[in-house]
Engineer: 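One structure is given below, represented as structure tokens, and several questions about it will come after.
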Amino acid sequence: MLKFLNKTRQLLYPNVRNLSHSLTACQSNAASESTTSVGKETLASKPALILPQNYADHAPVNRNSARQAWIENVDAVAERKVGLMELHPDVFAAQPRVDVIQENIEWQRKYRYVSMAHTKTRAEVRGGGRKPWPQKGMGRARHGSIRSPLFKGGGIIHGPRSPTSHFYMLPFYKRVMGLTSTLSVKLAQDDLHIIENVEIPTRDAQFIRDLIKERNWGPSVLIVDKHDIFPENICYATDLMGYVNLMPAFGLNVYSMLKHDTLVLTVEAVKHLEERLLYQLHRNDAASKQNKFKLDQV
């Protein structure tokens, strides 16, 4: 009976399977066309990227000193403003303490410096094993060795002994103030630029050269992103360029910012820096961070 019904259906509707396939294909094409049209409409009607500042958690000392910066593109050499970002005034509009910046520079130069200058004492200088002349009877001064510091070629007293470490720790809030002051100075001098991301379209180094020339980013550029793993294209493009360096946000420091003429931050890096610095400026246990630094502390 079932075989008879199947044969009857095939005789009456021989192209049912083909019709079903064609119907599903038409439906899929219509859906793809609708999605593409919707995507084009959303791209055409996409508003400008405006990132306002949230003052709910950390209210600024002076809201009148708020700062704004354009967000630039990196998908092409030609400059295009893709949005506007409001910066927190406590981080990017701080009082530029040049003395604190200088202290940070000296600290970064010296904390990893080890002096190898070395002088020998009278026990290490070669020679001078015997008494040069008798103690009495010759009318000369009493000496026990010609390698005494009084003699030429003798040992050196209170001279430098290697290795000598010049490590010391700058107070915590001087380090925080150094970062906020340097970021504020870079923004005030128009040496700070904000980009969408670090996704460049090619790994050719000429693209980075043209980009720097077109944007007037100066002879040396420091590009900072939130994460420490950068995309392949920008790594290959800047690998052999000594004047363009990549750095994660957690490694940003005063010395590197002043060493490079132009500081380029991604949007995520700006948010991360604001979050971390504002937390340090408003933390509840600030008094404990001002204690004297100990080498055995964690």
Side-chain angles (χ1 to χ4, degrees), residues 42-43 46-60 66-77 79-94 175-176 178-188 190-203 207-208 211-212 215 217-218 220-239 241 244-283:
T42 54
L43 288 175
K46 183 179 178 181
L49 182 62
I50 300 177
L51 301 178
Q53 185 60 240
N54 183 17
Y55 297 117
D57 297 332
H58 304 290
R67 297 290 187 269
Q68 292 179 337
W70 289 107
I71 303 175
E72 304 175 12
N73 68 308
V74 289
D75 56 352
V77 174
E79 183 178 0
R80 188 177 74 256
K81 309 296 185 184
V82 298
L84 190 66
M85 187 173 190
E86 188 174 354
L87 306 175
H88 201 286
D90 289 351
V91 178
F92 292 93
R175 286 177 272 156
V176 176
L179 290 172
T180 57
S181 297
T182 308
L183 288 171
S184 302
V185 169
K186 283 290 185 182
L187 180 64
D190 198 21
D191 291 332
L192 189 146
H193 299 268
I194 300 177
I195 58 177
E196 289 182 290
N197 48 50
V198 288
E199 293 283 353
I200 60 175
T202 177
R203 61 176 60 181
F207 178 83
I208 295 292
L211 189 71
I212 293 173
R215 310 288 176 89
W217 279 1
S220 57
V221 182
L222 178 63
I223 302 175
V224 181
D225 194 14
K226 179 181 178 181
H227 306 288
D228 57 344
I229 300 177
F230 284 77
E232 286 188 4
N233 287 349
I234 195 168
C235 291
Y236 278 103
T238 61
D239 188 22
M241 301 174 67
V244 179
N245 293 314
L246 308 177
M247 179 179 290
F250 60 79
L252 190 64
N253 57 85
V254 176
Y255 186 86
S256 297
M257 284 192 284
L258 293 183
K259 184 179 178 181
H260 298 80
D261 292 87
T262 304
L263 177 64
V264 180
L265 304 175
T266 62
V267 174
E268 290 186 351
V270 172
K271 293 180 179 179
H272 179 72
L273 289 173
E274 285 184 344
E275 178 185 355
R276 297 302 301 164
L277 290 174
L278 290 173
Y279 168 75
Q280 301 299 342
L281 291 171
H282 297 85
R283 60 186 303 164

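Since this is a predicted model, take the numbers as computed values, not measurements.
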Engineer: Tell me every residue that passes salt bridge (Lys or Arg N to Asp or Glu O under 4.0 Å) with Arg175, counting only those two or more places apart in sequence or in another chain.
Structural biologist: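 Arg175 satisfies salt bridge (Lys or Arg N to Asp or Glu O under 4.0 Å) with no other residue.
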
Engineer: Residues in side-chain hydrogen bond (donor to acceptor under 3.5 Å, both in side chains) with Glu86, at least two apart?
Structural biologist: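 If we apply the side-chain hydrogen bond (donor to acceptor under 3.5 Å, both in side chains) test to Glu86, skipping adjacent residues, the hits are Tyr55.
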
Engineer: Among pairs that include at least one residue of residues 223-235, which meet salt bridge (charged side-chain N to carboxylate O under 4.0 Å, His left out), considering only residues two or more places apart or in two chains?
Structural biologist: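 As it turns out, the salt bridge (charged side-chain N to carboxylate O under 4.0 Å, His left out) pairs with a partner in residues 223-235, which skip direct neighbours, are Arg203-Glu232.
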
Engineer: Given Asn197 and Thr266, is the side-chain hydrogen bond (donor to acceptor under 3.5 Å, both in side chains) satisfied, shown in steps?
Structural biologist: CA-CA 5 Å; Asn197 48 50; Thr266 62; over 6 Å; no

Engineer: Give a yes or no answer on whether the side chain of His88 reaches the backbone of Leu278 with a donor-acceptor pair at less than 3.5 Å.
Structural biologist: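 Checking the backbone N and O of Leu278 against the side chain of His88, no donor-acceptor pair under 3.5 Å is found.
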
Engineer: State whether the side chain of Ser220 and the backbone N or O of Val244 hold a donor-acceptor pair below 3.5 Å, judged by distance alone.
Structural biologist: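 No.
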
Engineer: Is a donor on one side and an acceptor on the other found under 3.5 Å between the side chain of His227 and the backbone of Ile229?
Structural biologist: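 Flag not set: sc His227 to bb Ile229 has no pair under 3.5 Å.
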
Engineer: Pair Thr238, Val221 - check side chain to side chain contact (heavy atoms under 4.5 Å, CB included), show working.
Structural biologist: CA-CA 10 Å; Thr238 61; Val221 182; over 6 Å; no

Engineer: From Arg215 CZ over to Glu72 CD, what is the distance, rounded to the nearest 0.5 angstrom?
Structural biologist: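 Those atoms lie 5.0 Å apart.
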
Engineer: How many angstroms lie between CZ in Phe230 and CG in Leu246, if you round to the nearest 0.5 Å?
Structural biologist: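 With rounding to 0.5 Å, CZ (Phe230) is 5.0 Å from CG (Leu246).
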
Engineer: Which one of Leu183, Val270, Leu273 satisfies the side-chain contact (heavy atoms from CB on, under 4.5 Å) criterion with Leu87?
Structural biologist: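 Result: among Leu183, Val270, Leu273, Val270 is the only option passing the side-chain contact (heavy atoms from CB on, under 4.5 Å) with Leu87.
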
Engineer: Using modelled atom types and a 3.5 Å cut-off, is there a donor and acceptor pairing between side-chain atoms of His272 and backbone atoms of Glu268?
Structural biologist: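 It does not hold such a pair.
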
Engineer: Quick check: closest heavy atoms across Thr180 and Ser184, and the distance to 0.1 Å?
Structural biologist: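 Closest approach of Thr180 to Ser184: O-OG, 2.8 Å.
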
Engineer: Distance check, rounded to the nearest 0.5 Å: Gln68 atom CD versus Gln53 atom CD?
Structural biologist: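 Spacing of CD (Gln68) from CD (Gln53) equals 10.5 Å.
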
Engineer: To the nearest 0.5 Å, tell me how far Asp261 CG sits from Leu222 CG.
Structural biologist: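 CG of Leu222 is found 11.0 Å from CG of Asp261.
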
Engineer: Salt bridge (Lys or Arg N to Asp or Glu O under 4.0 Å) with Lys259: which residues, sequence neighbours excluded?
Structural biologist: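 Applying salt bridge (Lys or Arg N to Asp or Glu O under 4.0 Å) to Lys259 gives none.
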
Engineer: Can you list the residues that meet the salt bridge (Lys or Arg N to Asp or Glu O under 4.0 Å) rule with Arg276, with sequence neighbours excluded?
Structural biologist: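 Counting only residues at least two positions away or on another chain, Arg276 forms no salt bridge (Lys or Arg N to Asp or Glu O under 4.0 Å).
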
Engineer: With Glu274, which residues qualify under salt bridge (Lys or Arg N to Asp or Glu O under 4.0 Å), at least two apart?
Structural biologist: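 For Glu274, no residue satisfies salt bridge (Lys or Arg N to Asp or Glu O under 4.0 Å) once neighbours in sequence are set aside.
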
Engineer: Any side-chain donor paired with an acceptor under 3.5 Å for Asn245 and His260?
Structural biologist: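 Checked: Asn245/His260 side chains pair up, N/O donor to acceptor below 3.5 Å.
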
Engineer: Short question: side chain of Lys186, backbone of Ser181 - any donor-acceptor pair under 3.5 Å?
Structural biologist: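 Flag not set: sc Lys186 to bb Ser181 has no pair under 3.5 Å.
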
